[in-house]
A.B. asks: 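This is the structure I want to talk about, given as structure tokens.
Lettering follows sequence order; numbering is per chain, from 1.
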2 protein chains.
Amino acid sequence: MPNDALNLGLLLFIPYRAMEDRVFDELAAAGYDDITRAQGRIFQRIAPGGSRLTDLARQSSVTKQTAGFLVDQLEAAGYVTRIPDPSDGRARLVVVAPRGAAAVARSAGVVAEVEREWTAHLGAERTAVLRELLTDLRAATDPYA
Amino acid sequence: MPNDALNLGLLLFIPYRAMEDRVFDELAAAGYDDITRAQGRIFQRIAPGGSRLTDLARQSSVTKQTAGFLVDQLEAAGYVTRIPDPSDGRARLVVVAPRGAAAVARSAGVVAEVEREWTAHLGAERTAVLRELLTDLRAATDPYA
DNA sequence: CCGACTCGTCAGAGAATCTGACCATTAAGT
DNA sequence: ACTTAATGGTCAGATTCTCTGACGAGTCGG
């Protein structure tokens, strides 16, 4: 790399990608080798009680067609199910299925491990500050929060 | 979104994606509408004196085939050129062409604007801390720095 | 009950990514 | 030097991801 002072976009991307790599590598090693990054980016946005396709699409910055395509695959692989939305006859809710919940548990372990490594590097206090800053920044960059 | 406490991976992704969206939207509006995100992610890694394809691939976390495919398009669109690497007969260096330099200048303006917005939200001091933390974290997550 | 909007799907095309195989050049070991 | 291993890059093929455009079904405000 040339400069030491990279733009904030790239500085955000580097650790994001590192985290994603770790999670998917270990997920694949644990037998969840039929989930892709694109599917995972949708999947991780599913709210506890289920989410509408349109919401998943908006939050993930993809079209609803793309989100639908990915949810189809997640459903076929047993990670999610679709149920009717009781509050709106047009909509359905994407909910996490048992296999999906198991994958969530597994990936949560990996995330925790990576966060521990980062904490070892940055220190506990600075890691907490980083999290707080990013959470704050989210308010300015995620209109669908 | 369900929880308030998201994992750090997603917290990094949200502003990263917001930055990328802004840069590409404004680049397209300024006439640079023939560059894609994937191409841009490769392009932004080119070092001042030029970079080898293999390095660009590693740093961007894609295969060298993918990097080659994207550099082909950047070259066809006039953003980069390939020159022989004087220090290694097998290699070539990808260097930024005039049109690429113009796009860099334009995107730098957008990045600066977005960073100003973020600074307005977080405050100058906390933004500086964020940059410092991310730069530090890079050492633990970017083996090719 | 009518027009406007939202939810989601279908169809088709283009872009991005990977694996595997391969050649050319360089580096290392004897 | 000569052989072997490693590195830089390309070719070929397949799969995955993503978008635009068009559309049917359901909801909502007047």
Side-chain angles (χ1 to χ4, degrees), chain A residues 13 17 20-21 24-25 27-28 32-47 50-77 79-95 144, chain B residues 13 17 20-21 24-25 27-28 32-47 50-77 79-95 144:
Chain A
F13 177 76
R17 181 72 197 224
E20 196 179 66
D21 285 349
F24 279 91
D25 285 354
L27 233 35
Y32 301 100
D33 56 351
D34 55 348
I35 192 170
T36 66
R37 283 152 200 271
Q39 290 164 23
R41 287 195 277 264
I42 296 288
F43 182 81
Q44 77 178 330
R45 297 288 198 149
I46 299 173
S51 293
R52 292 187 189 177
L53 191 60
T54 306
D55 290 333
L56 294 177
R58 271 196 303 233
Q59 289 165 2
S60 308
S61 301
V62 299
T63 61
K64 54 189 180 177
Q65 291 92 325
T66 296
F69 172 80
L70 295 168
V71 168
D72 284 347
Q73 294 172 279
L74 286 168
E75 190 170 31
Y79 289 103
V80 305
T81 315
R82 286 195 247 219
I83 61 175
D85 184 337
S87 72
D88 191 328
R90 294 167 297 182
R92 286 194 288 169
L93 292 176
V94 179
V95 299
Y144 310 112
Chain B
F13 177 76
R17 182 71 195 225
E20 197 180 65
D21 285 349
F24 279 90
D25 284 354
L27 232 34
Y32 301 101
D33 55 351
D34 56 347
I35 191 170
T36 66
R37 283 154 201 270
Q39 289 165 22
R41 287 195 277 265
I42 295 288
F43 181 81
Q44 78 178 331
R45 297 288 199 149
I46 299 172
S51 294
R52 292 183 188 179
L53 190 60
T54 306
D55 290 333
L56 294 177
R58 273 195 303 234
Q59 289 165 3
S60 308
S61 302
V62 298
T63 60
K64 55 190 180 176
Q65 291 91 324
T66 297
F69 172 80
L70 294 167
V71 168
D72 284 348
Q73 294 171 276
L74 286 167
E75 190 170 31
Y79 290 103
V80 305
T81 314
R82 286 195 247 220
I83 61 174
D85 184 337
S87 72
D88 190 330
R90 294 166 298 182
R92 288 193 286 169
L93 292 177
V94 179
V95 299
Y144 311 112

A.B. asks: For Ser61(A), what residues pass the side chain to side chain contact (heavy atoms under 4.5 Å, CB included) criterion, not counting sequence neighbours?
C.D. replies: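 For Ser61(A), the residues satisfying side chain to side chain contact (heavy atoms under 4.5 Å, CB included) (neighbours in sequence not counted) are Arg17(B), Asp21(B).
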A.B. asks: Which residues pass the side chain to side chain contact (heavy atoms under 4.5 Å, CB included) test with Asp88(A), sequence neighbours left out?
C.D. replies: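 Here the qualifying residues are Arg52(A), Asp85(A), Arg90(A), Ala91(A).
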A.B. asks: Taking atom CZ of Arg82(B) and atom CG of Asp72(B), what is their separation to the nearest 0.5 Å?
C.D. replies: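 Atom-to-atom, Arg82(B):CZ and Asp72(B):CG are 4.5 Å apart.
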A.B. asks: In B/S/- notation, 5' to 3', how is nucleotides 8-24 of chain D contacted by protein heavy atoms closer than 4.0 Å?
C.D. replies: BBBB-----BBBBB---
A.B. asks: Once you build an axis from the first five pairs and another from the last five of the helix from dC1(C)-dG30(D) to dT30(C)-dA1(D), how far apart in angle are they, to 10 degrees?
C.D. replies: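 Here the helix ends are tilted 40° relative to one another.
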A.B. asks: Find the distance Leu56(A):CG to dC7(C):C1' and express it as a whole number of Å.
C.D. replies: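 Spelled out: CG on Leu56(A) to C1' on dC7(C) is 13 Å.
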A.B. asks: Restricting to side chain to side chain donor-acceptor pair (under 3.5 Å), what partner residues turn up for Asp34(B), sequence neighbours left out?
C.D. replies: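 Partners of Asp34(B) by the side chain to side chain donor-acceptor pair (under 3.5 Å) criterion, ordered by chain and then number, come out as Tyr79(B), Arg99(B).
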A.B. asks: How many angstroms lie between atom OG1 of Thr66(A) and atom CG of Leu53(A), to the nearest 0.5 angstrom?
C.D. replies: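 Here the interatomic distance stands at 10.0 Å.
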A.B. asks: Just jot down the side chain to side chain contact (heavy atoms under 4.5 Å, CB included) partners of Phe24(A), sequence neighbours excluded, or say none.
C.D. replies: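 If we apply the side chain to side chain contact (heavy atoms under 4.5 Å, CB included) test to Phe24(A), skipping adjacent residues, the hits are Glu20(A), Ile35(A), Arg37(A).
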A.B. asks: With sequence neighbours excluded, tell me which residues meet salt bridge (charged side-chain N to carboxylate O under 4.0 Å, His left out) with Arg58(A).
C.D. replies: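 Partners of Arg58(A) under the salt bridge (charged side-chain N to carboxylate O under 4.0 Å, His left out) test: Asp55(A).
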A.B. asks: Kindly write out the residues that satisfy side chain to side chain contact (heavy atoms under 4.5 Å, CB included) with Gln65(A), not counting sequence neighbours, or none if the list is empty.
C.D. replies: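 Expected list: Thr63(A).
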A.B. asks: Asp34(B) CG to dA15(C) P: how many Å, rounded?
C.D. replies: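 For the pair Asp34(B) CG and dA15(C) P, the rounded distance is 11 Å.
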